[in-house]
Amino acid sequence: MMSFLLVLAVLVAMVGGAVLATRRFGVSDEFSGGAVGVVIAPCALALYLVAAAMGVVIGWEDFKAAEDGTVSEAGAAQSLYWSTTAFPDAEGEAVRSELRAYLTTVVEEDWPLMEHEGVLSPEGDDALADLAASVRGLSVSDTGDGLDRLTARQELTNLSDARIERADAAGDTVPPVLLAIAVVSAVAVAVLPFAMIKRGATVAYFWGWINLAFVFGTIVLLFSLGTPYNDVLANDAGGMEDTLAAFERADQALDAR
């Protein structure tokens with residue numbers, strides 16, 4: 001809602017500025033070829049282009065980093081699942097049960113909160129703590145070297161690290177300062193052409209409105225980037241859901257042995 005109001009305010013500023021520039025604050029030929037046209041307009045355009053480009057790049061990099069983190073988290077969960085098959089049936093099943101419960105909580109509790117509030121759920125923290133307790137309770141493997149238990153603990157650490165990274169990524173957005181620079185410079189870039197148009201130049205007005213539409217579109221895009229878990233660039237819980245489905249199939253195969 002707030003983003004929509006901000007975008008609407010930018011549109012009003014651009015259109016209102018264009019109308020005022022056309023009717024009351026036109027730039028004379030002397031200044032359009034001087035300070036305004038040679039210094040102010042190019043500076044505003046440069047700021048706008050740099051801020052818009054940096055905003056898109058930051059949003060894309062945040063999205064890709066979150067996507068890679070989700071893949072790593074799902075991979076750690078799969079590795080932990082299969083590491084438990086070397087343990088006694090009761091201990092292995094206890095860990096697998098807690099692991100399924102944790103991933104279910106991630107999908108059902110974490111993801112909605114990440115989408116709407118940019119935070120993780122306390123239920124996910126509790127489920128991870130239960131999973132950690134079940135892993136700590138694993139006995140040394142039959143070979144006596146403890147390698148399987150160490151593997152399970154390492155994958156648990158990887159899961160925990162991935163959760164921390166996901167918590168950080170859930171709040172990542174385009175920096176407000178960068179958005180402010182992009183908005184202010186975009187308004188200038190959209191309005192200045194109207195101030196330099198001579199009255200009656202219909203074609204110039206047409207291209208001025210086209211320019212305003214393109215500039216406004218980039219501002220809409222910047223405000224639509226949101227976090228890596230909502231809006232235009234959003235990672236969904238599909239990877240976690242696929243991992244849970246794979247666990248169910250694996251459980252059926254283990255039960256059939």
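Numbering of residues begins at 1 and proceeds along the displayed sequence.
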Q: Begin with the C-alpha distance, continue with both residues' side-chain angles, and end with the deciding distance and a verdict on side chain to side chain contact (heavy atoms under 4.5 Å, CB included) for L11 and V220.
A: CA-CA 10 Å; L11 178 60; V220 172; over 6 Å; no
**Q.** Salt bridge present between R96 and E91 (N-O < 4.0 angstrom)
**A.**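 Result for this pair is no, no salt bridge flagged.
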Q | salt_bridge(K64, E61) N-O dist < 4.0 Å | A |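 No, no charged N to carboxylate O under 4.0 Å.
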**Q.** Test side chain to side chain contact (heavy atoms under 4.5 Å, CB included) applied to D172 and F63, step by step
**A.** CA-CA 9 Å; D172 285 342; F63 164 76; over 6 Å; no
If every non-hydrogen atom of [X] is compared with every non-hydrogen atom of [Y], which pair is closest and at what distance?
X    : Y    : result
A77  : L103 : CB-CD1, 4.0 Å
I58  : P175 : CD1-CD, 3.9 Å
A52  : A182 : N-CB, 4.5 Å
P112 : V107 : CD-O, 3.6 Å

Say you draw a straight line from [atom1] of [X] to [atom2] of [Y]; how long is it, rounded to the nearest 0.5 Å?
X    : Y    : atom1 : atom2 : answer
L244 : R249 : CG    : CZ    : 11.0 Å
D236 : E115 : CG    : CD    : 8.5 Å
D62  : E67  : CG    : CD    : 12.5 Å

Q) Would you call the rings of W111 and Y229 parallel, tilted or perpendicular if under 30° counts as parallel and over 60° as perpendicular? A)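 Correct class here is perpendicular.
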Q. With a 3.5 Å cut-off and no angle check, do the side chains of T70 and N235 form a donor-acceptor pair?
A. no
Does a side-chain heavy-atom distance below 4.5 Å link [X] with [Y]?
X    : Y    : answer
H116 : N230 : no
V19  : F194 : no
R163 : D110 : yes
F223 : F4   : no
L225 : T173 : no
E73  : M240 : yes

Q: Going by the side-chain hydrogen bond (donor to acceptor under 3.5 Å, both in side chains) test, name the single residue among N158, T151, T157 that passes it with Q154.
A: N158
Q | Cluster overlap M114 with V119, hydrophobic side-chain contacts below 4.5 Å | A |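 In one cluster with M114: V119, no.
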Q) Linking I/L/V/M/F/W/Y whenever their side-chain heavy atoms sit closer than 4.5 Å, directly or via other members, would F216 and V15 fall into one cluster? A) yes
Q. Do any N or O atoms from the side chain of S83 and from the backbone of L80 form a donor-acceptor pair under 3.5 angstrom?
A.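 Yes: the side chain of S83 pairs with the backbone of L80.
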Q: Check the pair V184 / L47 against side chain to side chain contact (heavy atoms under 4.5 Å, CB included), numbers first and verdict last.
A: CA-CA 9 Å; V184 172; L47 280 175; over 6 Å; no
Q) Is it true that atom CH2 of W209 has more than 12 heavy atoms of other residues, nucleotides or ligands lying nearer than 6.0 Å? A)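 Above 12, so yes.
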**Q.** Step-by-step side chain to side chain contact (heavy atoms under 4.5 Å, CB included) determination, Q78 to T243
**A.** CA-CA 7 Å; Q78 293 171 9; T243 300; 3.4 Å; yes
